[in-house]
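Bear in mind that the values here come from a model prediction, so they are computed numbers and not experimental data. Residue numbers run from 1 in the order of the sequence given.
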Amino acid sequence: VEILGDAKKLGIVGEPFNALLDYLGVTSRKLDDPLAIHTPASSGAGKSFLLDAILSLCPPEDLIRVTSLSDKALFYKGENSLVHKVLAVEEVAGALGARYAIRSLISEKVLKSETTIKNPLTGKMETQTSVVYGPPAFFETTTNPETDEETRSRLIIQTVDESVEQTLAILAAQRNAHTVAGWERKLARSAILARHHAFQRLLRPVRVVNRFEPLLGYGDGRLLFRRDHPKYLNLILAIAFLFQMQRPIKQSATIGEHIEVTLDDIALANELALELFGYSLDDLSPPSRELLRLISDYVQRRAAELGVDPAKVEFHRRELRQALNWSETQLRRYLRALVEMEYLVPVGGRVGQLFSYRLLYDGEACPPWRENDGCRHLPGLKSVEEIRAQAIASGLIAAATPLPRKVDLGQTSPRKRAPRQEKTNLAKTSPSDFGEVAEAVFHSEKRNGEANLASFSRGHIPVFEKKGRNGVPAYA
């Protein structure tokens with residue numbers, strides 16, 4: 001699937017995990033339990049651009065974008081106006097009054113309200129019941145780094161890369177926007193949107209069965225895993241649903257038509273879960289955790305230069321701004337979190353004087369629950385190899401079932417990560433595997449009245465083609 005390749009052509013720099021998660025969120029709108037995604041980031045970090053680019057790949061008739069929502073706005077929508085739709089709120093601040101309605105829609109999948117109206121015929125007051133069915137796939141962004149527990153329990157929290165490396169990569173991309181290659185990408189945008197709109201329209205709201213689900217592992221005894229576990233399971237279903245046209249449609253007397261999850265789907269879900277879900281276990285947001293790492297490195301260097309214990313090194317915000325190239329607003333916001341969590345202690349400062357701090361944290365930049373695996377570990381998460389072995393032992397799959405293809409989405413992002421084992425890159429595979437992303441033009445007219453997914457270098461982009469043998473969609 002060349003989703004990341006198309007995301008890059010739309011102007012997204014890096015952010016492979018977020019781009020893929022957001023696309024899965026758009027696709028999941030046709031599932032019974034669609035994904036809901038919350039994106040906190042600093043102003044100007046690129047969260048809105050990322051979301052705009054991915055949402056542009058959703059068919060316009062399935063997308064509801066709002067700048068603000070009043071308290072009762074969702075209660076007065078049409079009865080089925082949110083079913084299999086994408087609801088996107090540009091900024092949480094514009095929909096604070098609708099937070100309860102949004103949370104109820106995600107959790108209960110329906111909104112019910114009763115209001116009193118006057119009957120025009122009898123003149124008597126009567127109760128009118130309004131019902132709005134859902135749930136939609138949901139997206140929201142915010143500049144507030146603090147996420148409340150109600151939001152954490154219902155939405156997947158993703159953060160954009162605010163590192164210096166990412167900033168430099170974005171600046172480099174901006175300087176190429178008006179070159180020949182840059183104009184070519186802009187002109188190719190309409191063809192990219194048309195292909196994805198057609199693909200999204202072809203997706204059927206078919207059920208997804210995960211026969212490997214009893215073998216999965218996720219989390220330990222901590223209470224917070226109760227909220228994250230269903231997100232992990234729904235992520236697997238969303239991945240399988242995305243590949244529905246490459247899977248046989250099976251029939252069941254009890255549940256009807258359905259497709260089944262494969263080990264490849266679980267492998268990709270694990271990769272995303274390691275990068276995304278782990279943050280919900282951390283008391284610090286990813287930017288705060290990154291700032292803690294940078295401050296720790298800075299203090300170690302200063303201690304070595306001064307020949308003193310790192311615990312005795314004092315520093316000011318101005319020093320950090322100059323050393324880390326962080327803005328004052330960005331630094332103030334995340335320093336506050338480090339002070340509140342007692343990773344830093346203020347040792348001086350008031351109005352008219354410099355604020356100075358000391359570092360109380362002498363550990364690694366990884367949170368404690370990830371230190372043993374290079375910041376890429378989730379308690380209880382089973383590897384896909386372990387799941388495969390148990391599935392073979394239980395007779396669920398044949399012993400000849402091949403190992404799932406591992407994917408590595410991290411190589412397309414400038415964000416620093418721990419070294420990983422060599423894996424196959426989903427977005428930039430070798431020519432012998434997937435090949436380069438081929439340019440294509442969507443054929444707007446149906447031929448022979450049927451549509452399927454054809455393979456552009458095995459990239460599966462939707463075009464209209466003939467049926468294969470026995471009416472089964474053909475693949476190039």
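Considering CG of Leu338 and CZ of Arg336, their distance stands at 11.0 Å, rounded to 0.5 Å. From Leu291, atom CG reaches atom CZ of Arg333 across 12.5 Å, with rounding to the nearest 0.5 Å. One finds the CD1 atom of Ile156 at 12.5 Å from the OH atom of Tyr232 (value rounded to the nearest 0.5 Å). The distance from atom CD1 of Ile266 to atom CG of Leu216, rounded to the nearest 0.5 Å, is 5.0 Å. Between the NZ atom in Lys47 and the CD atom in Glu91 there is a gap of 6.5 Å [rounded to 0.5 Å]. In this structure, the separation between CZ on Phe138 and CG on Leu87 is 5.5 Å, given to the nearest 0.5 Å.
Ser163 and Asp161 share a donor-acceptor pair across their side chains, judged by distance under 3.5 Å alone. A donor and an acceptor atom, one from each side chain of Tyr343 and Ser288, are nowhere located under 3.5 Å apart. Judged purely by distance below 3.5 Å, without hydrogens or angles, the side chains of Arg99 and Thr151 pair a donor atom with an acceptor atom. A donor and an acceptor atom, one from each side chain of Glu162 and Ser42, are located under 3.5 Å apart. Neither side chain, Arg388 nor Thr401, offers a donor N or O lying under 3.5 Å from an acceptor on the other. In this structure, a donor-acceptor pair under 3.5 Å is absent between the side chains of Ser327 and Thr329. Side-chain polar atoms of Tyr100 and Glu150 form no donor-acceptor pair below 3.5 angstrom. Inspection of the Gln390 and Lys382 side chains reveals an N or O donor paired with an N or O acceptor under 3.5 Å.
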Evaluation steps, side-chain contact (heavy atoms from CB on, under 4.5 Å), between Gln244 and Leu203: CA-CA 8 Å; Gln244 67 170 254; Leu203 291 173; 3.7 Å; yes
Working for side-chain contact (heavy atoms from CB on, under 4.5 Å), residues Leu233 and Tyr218: CA-CA 10 Å; Leu233 299 178; Tyr218 186 89; over 6 Å; no
Steps toward side-chain contact (heavy atoms from CB on, under 4.5 Å) verdict (Ile102, Leu69): CA-CA 10 Å; Ile102 291 171; Leu69 278 175; 4.3 Å; yes
Residue pair Leu344, Leu359: steps toward the side-chain contact (heavy atoms from CB on, under 4.5 Å) verdict: CA-CA 5 Å; Leu344 300 180; Leu359 181 68; 3.5 Å; yes
Residues 127-137 side chain polar contacts: donor-acceptor under 3.5 Å, at least two apart:
unit_1	atom_1	unit_2	atom_2	d
Thr129	OG1	Glu114	OE2	3.4
Ser130	OG	Phe75	O	3.0

Side-chain donor-acceptor pairs under 3.5 Å in residues 50-67, sequence neighbours left out?
unit_1	atom_1	unit_2	atom_2	d
Asp52	OD1	Arg65	NH1	2.8
Asp52	OD1	Arg65	NH2	2.7
Ser56	OG	Ala53	O	2.5
Glu61	OE1	Arg201	NH2	3.3
Glu61	OE2	Arg201	NE	2.8
Asp62	OD1	Lys85	NZ	3.3
Asp62	OD2	Arg29	NE	3.2
Asp62	OD2	Arg29	NH2	3.1

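Panel note: side chain Ser383, backbone Glu386; a donor-acceptor pair is recorded below 3.5 Å. For Arg207 (side chain) and Ile255 (main-chain N/O), a donor-acceptor pair under 3.5 Å exists by modelled atom type. With hydrogens and angles ignored, the 3.5 Å screen pairs no side-chain donor or acceptor of Gln200 with any backbone N or O of Arg195. Panel note: side chain Ser296, backbone Arg293; no donor-acceptor pair is recorded below 3.5 Å. Panel note: side chain His229, backbone Arg227; no donor-acceptor pair is recorded below 3.5 Å.
Within the 4.5 Å cutoff, the side chain of Thr39 has no heavy atoms near those of the Thr142 side chain. Side-chain contact between Thr116 and Glu126 is absent, with no heavy atoms from C-beta onward closer than 4.5 Å. Side-chain contact between Leu335 and Leu320 is present, with heavy atoms from C-beta onward closer than 4.5 Å. Side-chain contact between Ile239 and Thr27 is absent, with no heavy atoms from C-beta onward closer than 4.5 Å. In this structure, the side chains of Leu20 and Leu268 come closer than 4.5 Å at one or more pairs of heavy atoms. In this structure, the side chains of Val13 and Gln174 stay at 4.5 Å or more apart for every pair of heavy atoms. Considering only heavy atoms from C-beta on, Glu257 comes within 4.5 Å of Gln251 through its side chain. In this structure, the side chains of Val339 and Tyr357 come closer than 4.5 Å at one or more pairs of heavy atoms.
The residues Arg247 and Glu260 are annotated as not salt-bridged, no charged nitrogen and carboxylate oxygen being separated by less than 4.0 angstrom.
The shortest heavy-atom contact between Ala95 and Val89 is CB-CG1, 3.8 Å. Closest approach of Ile37 and Gly25 over heavy atoms only: CD1-CA, 4.4 Å. Contact detail for Leu24 and Leu242: the closest heavy-atom pair is CD2-CD2, 3.9 Å. For Ala240 against Ile259, the heavy-atom pair with the smallest separation is O-CD1, 3.5 Å. Among all heavy-atom pairs drawn from Leu111 and Ala101, the shortest one is CD2-O, 3.5 Å. Residues Ala269 and Leu235 approach most closely at O-CD2, 3.9 Å, considering heavy atoms.
With sequence neighbours excluded, the residues that form a side chain to side chain contact (heavy atoms under 4.5 Å, CB included) with Arg332 are Arg317, Glu328. By the side chain to side chain contact (heavy atoms under 4.5 Å, CB included) test, Ser394 pairs with Leu396, sequence neighbours left out. A search for side chain to side chain contact (heavy atoms under 4.5 Å, CB included) contacts involving Tyr76 returns Lys72, Thr115, not counting sequence neighbours.
Judged as a salt bridge (charged side-chain N to carboxylate O under 4.0 Å, His left out), the pairs with a partner in residues 30-39 (not counting sequence neighbours) are, in order, Asp33-Lys109.
Counting heavy atoms of neighbouring residues, nucleotides and ligands inside a 6.0 Å radius, atom NZ of Lys112 does not exceed 12 of them.
Between Tyr23 and Phe199, the angle of the ring planes stays under 30°, which puts this pair in the parallel group of the 30/60° scheme.
If you run side-chain contact (heavy atoms from CB on, under 4.5 Å) between Asn210 and each of Leu215, Asp265, Val261, Thr262, only Val261 comes through.
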